[in-house]
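Presented below is the structure to which this report refers.
In the text below, chain A, chain B and the rest are named by the order of the sequence lines, each starting its count at 1.
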There are 2 protein chains.
Amino acid sequence: MTDTDNNSLPERKRGSGVKMVYDLLRDEILDLVLPPGSPIDEVQLAERFKLSRTPIREALVRLAGEGLIDTLPNRSTMVSNIDFLNLHTFFEALVLMYRVTTRLAAQNHRPEDLPVIRGFHEDYAAAVQSRDALAMIATNAAFHAAIAEAGRNPYFTGLFRRLLDEGRRILRLYYQSYEEQFPQRFVDEHAEIIAAIEARDVEAADRLGKAHAEQIVEQVQKLFTRNNKLDIDL
Amino acid sequence: MTDTDNNSLPERKRGSGVKMVYDLLRDEILDLVLPPGSPIDEVQLAERFKLSRTPIREALVRLAGEGLIDTLPNRSTMVSNIDFLNLHTFFEALVLMYRVTTRLAAQNHRPEDLPVIRGFHEDYAAAVQSRDALAMIATNAAFHAAIAEAGRNPYFTGLFRRLLDEGRRILRLYYQSYEEQFPQRFVDEHAEIIAAIEARDVEAADRLGKAHAEQIVEQVQKLFTRNNKLDIDL
DNA sequence: TGTATTTTTCTTGTCGACAAATAAAATACA
DNA sequence: TGTATTTTATTTGTCGACAAGAAAAATACA
């Protein structure tokens, strides 16, 4: 393959460039293809996507708005760091949002939501089966995001999505070096959560969501203390 | 004053244009100077600020990221509407964030936070005294934002600030036509909340935050049902 | 040799211009 | 007169270029 392999994307629709750049950079940041601290070069991206700097910049502004990149005025822009020192605030918010979104899903879900949730549940089970850590991370986030959507509170789903994104980075950080796996227990808990939602048992959904979240937090913290030598880098 | 009153801003620093446009548009949107649905014209703004369209556009992208304006691709962009149909989701999120941030403030506040909070408390009391509805709205939001900051969870403060912003629009909508006033009760409740925070009484802070939030929601809903003829416009 | 100052290089922020996409207006046609 | 089609106009999205700001390199000076 030569450097003239731009025949696959010869012409794009008018507003699609920014979205493409935004989506791709976002994925690369969340998957740690671009690790925290990586410099983001506008001209380099412009060449890569065969675009001018203007749409690149628009995508970067959006990413900065979500806190995924940090921009130093008149200087460089880079992938934002993970704030390990205040990780407890992240867990705190994550647990609460797990609770709230699961509870609201039990309250407000519609019949058409359940197949979607079940679909991600099965994807997650398959990822566990095949011990694919990265797929576990992604499908777990998708599963809970779907539950949040069924809860139908855009303010909560907005925050929750951001938290799940950040969690994707954190998990990815640890699962890339240590081939850990989420226990089967999580799959079972997911099934319980679905049952509670379907039964519209709000209190059970709340309780299960909280317990599940705390399981995950505990799991992550266990990984942390085990390889806390990484923390010294900060 | 003629149309040549641009002598006050002859030259700006290099990155300050976008921030100026962003801040000003944001305020105008939240104060309903630009009511929901108002068209946003890029070239008009460019002329108004004596800038090119590029920095204007960057400010608009940021505002769109916060949901304050809606952009139709290749078409117009306008101030986002207030979703009256799903106002309950707004209240739901608002009450929870009032609770959580007040609770966390009782837990995590530092001595230097209290003077700040007390300052806004006094500003609010003064606004109530002078029956200045707009000042009440602004100082009340500032008071609770300061409490949230003392709670030191950036995820919660981020969501809470967005909710307070949206609340600013909603309150402004009703207080501009009906010269209502927040009751003295709110001032007293604020004082109670401060006391609970200072005493680090987490449960009391939680309870008071919740009660206070519900008071406000009830007040707003009362205004709504009273002038629900406005709702027909949507 | 080490520090201060100038020069150069590199990246960003801004600009004016152009082309695509859509809406509005004008025209054709029944 | 009312509808369909073409033409015009307006606004957005993108581009290439240029200048400001800061870092890096080079030079001067002790």
Side-chain angles (χ1 to χ4, degrees), chain A residues 6-26 28-29 34 36-81, chain B residues 6-26 28-29 34 36-81:
Chain A
N6 54 344
N7 49 5
S8 59
L9 44 149
E11 51 190 79
R12 276 183 289 267
K13 271 175 241 160
R14 208 169 125 88
S16 69
V18 282
K19 180 170 167 45
M20 165 163 294
V21 175
Y22 169 82
D23 286 339
L24 198 103
L25 278 183
R26 184 171 171 281
E28 291 191 346
I29 291 171
L34 294 174
S38 301
I40 307 268
D41 187 355
E42 294 178 4
V43 292
Q44 193 175 313
L45 287 170
E47 289 169 6
R48 178 177 169 194
F49 290 97
K50 314 257 186 243
L51 288 170
S52 103
R53 276 175 51 224
T54 311
I56 305 288
R57 249 162 162 275
E58 181 171 331
L60 295 185
V61 170
R62 285 218 258 160
L63 290 169
E66 298 176 30
L68 292 178
I69 63 176
D70 288 334
T71 305
L72 312 189
N74 281 321
R75 290 214 234 142
S76 65
T77 142
M78 56 187 219
V79 177
S80 66
N81 287 313
Chain B
N6 55 344
N7 49 5
S8 58
L9 44 150
E11 50 191 78
R12 276 182 289 266
K13 274 176 235 157
R14 209 169 124 87
S16 70
V18 282
K19 181 170 167 42
M20 166 164 294
V21 175
Y22 168 83
D23 286 339
L24 198 102
L25 279 183
R26 184 172 172 280
E28 290 191 346
I29 291 170
L34 295 174
S38 301
I40 307 268
D41 187 354
E42 294 179 3
V43 294
Q44 193 175 314
L45 287 170
E47 289 168 6
R48 176 175 169 195
F49 290 97
K50 314 262 185 239
L51 288 169
S52 102
R53 275 177 51 224
T54 310
I56 304 288
R57 253 167 157 272
E58 180 170 331
L60 294 185
V61 169
R62 286 217 257 159
L63 290 169
E66 298 175 32
L68 292 178
I69 62 176
D70 288 334
T71 305
L72 312 188
N74 283 320
R75 289 214 234 142
S76 66
T77 142
M78 57 187 218
V79 177
S80 66
N81 286 314

Quiz prompt | Rounded interatomic separation in angstrom, taking CD1 from Ile56(A) and C1' from dT12(C) | solution = 14 Å
Quiz item: For DNA chain D, what dot-bracket results from Watson-Crick or G-U pairs at under 3.5 Å, with [ ] for crossers and | for inter-strand partners?
Solution: ||||||||||||||||||||||||||||||
Quiz prompt | Salt-bridge contact Glu66(A)-Arg62(B) (side-chain N to carboxylate O under 4.0 Å) | solution = no
Quiz item: What distance separates Glu47(B) CD from Ser52(B) OG, expressed to the nearest 0.5 Å?
Solution: 12.0 Å
Self-check item: Arg57(B) CZ to dT12(D) C1', straight-line distance once rounded to whole Å
Solution: 6 Å
Quiz item: Can you tell me how far C1' of dT11(C) sits from CG of Leu45(A), to the nearest Å?
Solution: 13 Å
Quiz item: Within a strict 4.5 Å, meaning less than it, do heavy atoms of the Lys19(B) and Asp23(B) side chains meet?
Solution: yes
Self-check item: Protein proximity profile, nucleotides 15-22 of chain C - base contact B, sugar-phosphate-only contact S, no contact -, cut-off 4.0 Å on heavy atoms
Solution: B-B-BBSS
Self-check item: Rounded distance (Å) that lies between atom P of dT14(C) and atom CD of Glu42(A)
Solution: 12 Å
Quiz item: What's the CD1-P distance between Ile40(B) and dT10(D), to the nearest Å?
Solution: 21 Å
Practice problem: Could you check how far CG of Leu60(B) sits from P of dT14(C), rounded to whole Å? | Solution: 14 Å
Practice problem: Figure out the CD/P separation between Gln44(B) and dT12(D), and round it to whole Å. | Solution: 11 Å
Exercise. Please examine the side chains of Leu51(B) and Leu45(B), heavy atoms only from C-beta on, and report whether any two atoms are closer than 4.5 Å.
Key: no
Quiz item: Hey, are the side chains of Ile69(B) and Met78(B) touching, using non-hydrogen atoms and a 4.5 Å cut-off?
Solution: no
Exercise. Could you state the atom-to-atom distance from CE of Met78(A) to C1' of dT11(C) in whole Å?
Key: 16 Å
Quiz item: With a 4.5 Å limit on heavy-atom distance, are the side chains of Tyr22(B) and Leu60(B) in contact?
Solution: no
Quiz item: Any donor-acceptor pair under 3.5 Å linking the side chain of Ser80(A) with the backbone of Leu68(A)?
Solution: yes
Practice problem: Answer with base, sugar-phosphate or nothing: what part of the nucleic acid does Glu58(A) contact at a heavy-atom distance below 4.0 Å? | Solution: nothing
Quiz item: Is Thr77(B) reaching over with its side chain to a backbone N or O of Ile40(B), donor-acceptor style, under 3.5 angstrom?
Solution: no
Exercise. For Leu25(B) and Met20(B), run side chain to side chain contact (heavy atoms under 4.5 Å, CB included): C-alpha distance rounded to whole Å, both residues' side-chain angles, the deciding distance at 0.1 Å, then the answer.
Key: CA-CA 8 Å; Leu25(B) 279 183; Met20(B) 166 164 294; over 6 Å; no
Quiz item: If you look at every strand shown and take non-hydrogen atoms under 4.0 Å, does Leu72(A) touch a base, only sugar-phosphate, or nothing?
Solution: nothing
